[in-house]
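The next block holds one structure in the form of structure tokens; read it before the comments.
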Amino acid sequence: MWLKDVRVETGFHIEDKHYAGTNTKAVHVKIADGLVEEVISANEELDETDFILEGGGQLLVPSLIEKHCHLDKTLLGEKWRPVKKVRSIFERFEMEKTILPHLETTTQERAERLLETYVQGGVTHVRTHVDIYPEVGLQNLEEVLAAIETFKGKLDVEIVAFPQHGLLVDETIELLKEALTFDLVKYVGGVDPASVDGDIEKSLQTMVTLAKDYEVGVDLHLHDADYLGTFTMKRLAQLVLEAELEQDVFISHAFGLADLPTAQLKDTTEWLKRAGITIITSVPIGRPYPPVAFLEEHGVKVAVGCDNIFDLWSPFGNGDLIERVSRLAESSKWTDEWELAQSLNYITDRGAAITKEEGRSEWLKPGDEANLILVPAESTAEMVARRVKPVLTLFQGKVTFEGAK
């Protein structure tokens, strides 16, 4: 298949030492066996006997990656349900146990609604957390796996076995061990070792041991603030280095990083960098979130995820990663062409965005998996700033969504 007449970014247009725009070039992209096979100038003639998909001069960018969602919690497909205020996170846990199993729709049906939303939004890879606790056993996992099977060939999904209601319960640990034997379960999770588990050391040791034993990564949700949060991060980093789990450990939320003076923040970021820990933020509006630019400058990778999408925790969220990273850019006061373009890195494969010095890296090269989106925008800067939605999604070279161009 030829993807005909699409534009790819090549660098910036500079005027008076300011970014005055983005340069692009028109190309044809040949796709075979799910991979990019060849990229040629749009001036070259194509063999009309080949299958041709018209790009219409739209901007071609990498597809999007969702690093933080909960397919088993969304209320998509359900009637409006007001979110009740609670006095503690534990009240929210109990509310989930009481309400989610008795909804009119099944976990699988709601998960499929959210996966469809992602496909239409240009997402080709999803990491979902799935709650594992004694009252529900592995039922959530089984229904999410069924939903994923429905979307086979449309996107990749990896699962975090997630002890939302606490890790340090014997029955929960045994359920996690069973869950970690499933092929798509790539991570063991955890929540607030101090606040939820009440034992930082035992909680982190258990997570890291499970990760090592089952050859999976770690994805910790850490809401604890200030020095309690950063102490937990540094201790996890130490354990990760001892267990040689570098590069496959993630901390979501990490609110403590937003609460520290610069000197203490540098110490924590050094530990995160050494352990190869990635920070994932949902860019909350009502609470300071980690200083993304500072972390990146100090060698700590950051990703943006949607997290809550119409669930019992929040009535907001729509699964739109472009909107979410636009929020990051706006709240970070990133307004010029380069700053907006760089924000693409937080929702796609890193290195895809054009840089100040070298132009766009060669992300569209022979042998790359053909996971691509077409966007009716002049540049990724416009896509982010104006929250422009994709009109075409390709996953492994196949069209999974096509809207009006």
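Quick caveat, the model's predicted, so the values are computed rather than measured.
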What is the minimum heavy-atom distance between [X] and [Y], and which atoms define it?
| X | Y | value |
| --- | --- | --- |
| Gly397 | Met1 | O-CE, 3.6 Å |
| Glu78 | Thr105 | OE2-OG1, 2.5 Å |
| Leu239 | Leu204 | CD1-CB, 3.6 Å |
| Leu35 | Gly367 | CD2-O, 3.8 Å |
| Gly190 | Phe162 | O-CE1, 3.6 Å |
| Ser379 | Leu59 | C-CD2, 3.4 Å |

Is any side-chain heavy atom of [Y] closer than 4.5 Å to one of [X]?
| X | Y | result |
| --- | --- | --- |
| Asp156 | Gln396 | yes |
| Thr278 | Val249 | no |
| Leu155 | Thr400 | no |
| Phe294 | Lys266 | yes |
| Leu71 | Val130 | no |
| Pro163 | Leu176 | yes |
| Lys365 | Val36 | no |
| Trp2 | Glu38 | yes |

Spacing of [X] atom [atom1] and [Y] atom [atom2] [to the nearest 0.5 Å]:
| X | Y | atom1 | atom2 | answer |
| --- | --- | --- | --- | --- |
| Glu66 | Ile280 | CD | CD1 | 9.0 Å |
| Tyr118 | Asp320 | OH | CG | 10.0 Å |
| Lys84 | Leu312 | NZ | CG | 10.0 Å |
| Glu378 | Glu337 | CD | CD | 10.0 Å |
| Ile52 | Lys4 | CD1 | NZ | 5.5 Å |
| Glu116 | Leu76 | CD | CG | 11.5 Å |

Ignoring hydrogens and angles, tell me if any N or O in the side chain of [X] forms a donor-acceptor pair with the backbone of [Y] under 3.5 Å.
| X | Y | result |
| --- | --- | --- |
| Asp336 | Trp338 | yes |
| Gln108 | Glu143 | no |
| Ser282 | Asp307 | no |
| Thr348 | Ser63 | yes |
| Arg7 | Leu60 | no |
| Glu109 | Thr106 | yes |
| Asp197 | Leu167 | yes |
| Thr117 | Arg113 | yes |
| Glu339 | Thr335 | yes |

[atom1] of [X]: more than 12 outside heavy atoms within 6.0 angstrom?
| X | atom1 | result |
| --- | --- | --- |
| Phe182 | CZ | yes |
| Arg287 | CZ | yes |
| Asp50 | CG | yes |
| Gln264 | CD | yes |
| Asp33 | CG | no |
| Phe90 | CZ | yes |
| Lys234 | NZ | yes |

Please determine whether side-chain contact (heavy atoms from CB on, under 4.5 Å) holds for the pair Glu270 and His298, giving the CA-CA distance in whole Å, both sets of side-chain angles, and the decisive distance to 0.1 Å. CA-CA 8 Å; Glu270 183 58 34; His298 289 80; over 6 Å; no
Does a side chain donor of either [X] or [Y] reach within less than 3.5 Å of an acceptor in the other side chain?
| X | Y | result |
| --- | --- | --- |
| His223 | Asp192 | yes |
| Ser314 | Asn308 | no |
| Tyr187 | Arg127 | yes |
| Asp224 | Ser195 | yes |
| Gln342 | Trp334 | no |
| Glu9 | Thr24 | no |
| Glu242 | Gln238 | no |
| His70 | Asp311 | no |
| Tyr346 | Thr281 | no |
| Ser326 | Arg387 | yes |

Lys212 and Glu244: CA distance, side-chain angles, deciding distance, side-chain contact (heavy atoms from CB on, under 4.5 Å) verdict: CA-CA 9 Å; Lys212 193 73 172 176; Glu244 298 181 343; 4.2 Å; yes
Quick one: which of Val325, Thr22, Thr380, Val384 gives a side-chain contact (heavy atoms from CB on, under 4.5 Å) with Leu340? Val384
Applying the side-chain hydrogen bond (donor to acceptor under 3.5 Å, both in side chains) test to Gln164, which of Arg92, Lys73, Lys97 qualifies? Lys73
Would His28 and Asp5 satisfy side chain to side chain donor-acceptor pair (under 3.5 Å), going step by step from the backbone distance to the final call? CA-CA 5 Å; His28 305 315; Asp5 186 24; 5.8 Å; no
Assign the ring pair His129 / His68 to parallel, tilted or perpendicular, where the plane angle (0 to 90°) is split at 30° and 60°. tilted
Set out, in order, the CA-CA distance, both residues' side-chain angles and the distance that settles salt bridge (Lys or Arg N to Asp or Glu O under 4.0 Å) for Asp72 and Arg110, then state yes or no. CA-CA 8 Å; Asp72 61 328; Arg110 298 191 302 277; over 6 Å; no
I'd like to know if Asp248 and Lys186 make a salt bridge, using a cut-off of under 4.0 Å between side-chain N and carboxylate O.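 Salt bridge between Asp248 and Lys186, a charged N being under 4.0 Å from a carboxylate O: no.
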Assess the residue pair Leu236 and Ile251 against the criterion (side-chain contact (heavy atoms from CB on, under 4.5 Å)); give the C-alpha distance rounded to whole Å, side-chain angles, the decisive distance to 0.1 Å, and a yes or no. CA-CA 10 Å; Leu236 175 60; Ile251 301 176; 4.0 Å; yes
Output, in order, the C-alpha distance, side-chain angles, deciding distance and verdict of side-chain contact (heavy atoms from CB on, under 4.5 Å) for Leu372 and Phe395. CA-CA 7 Å; Leu372 309 164; Phe395 174 62; over 6 Å; no
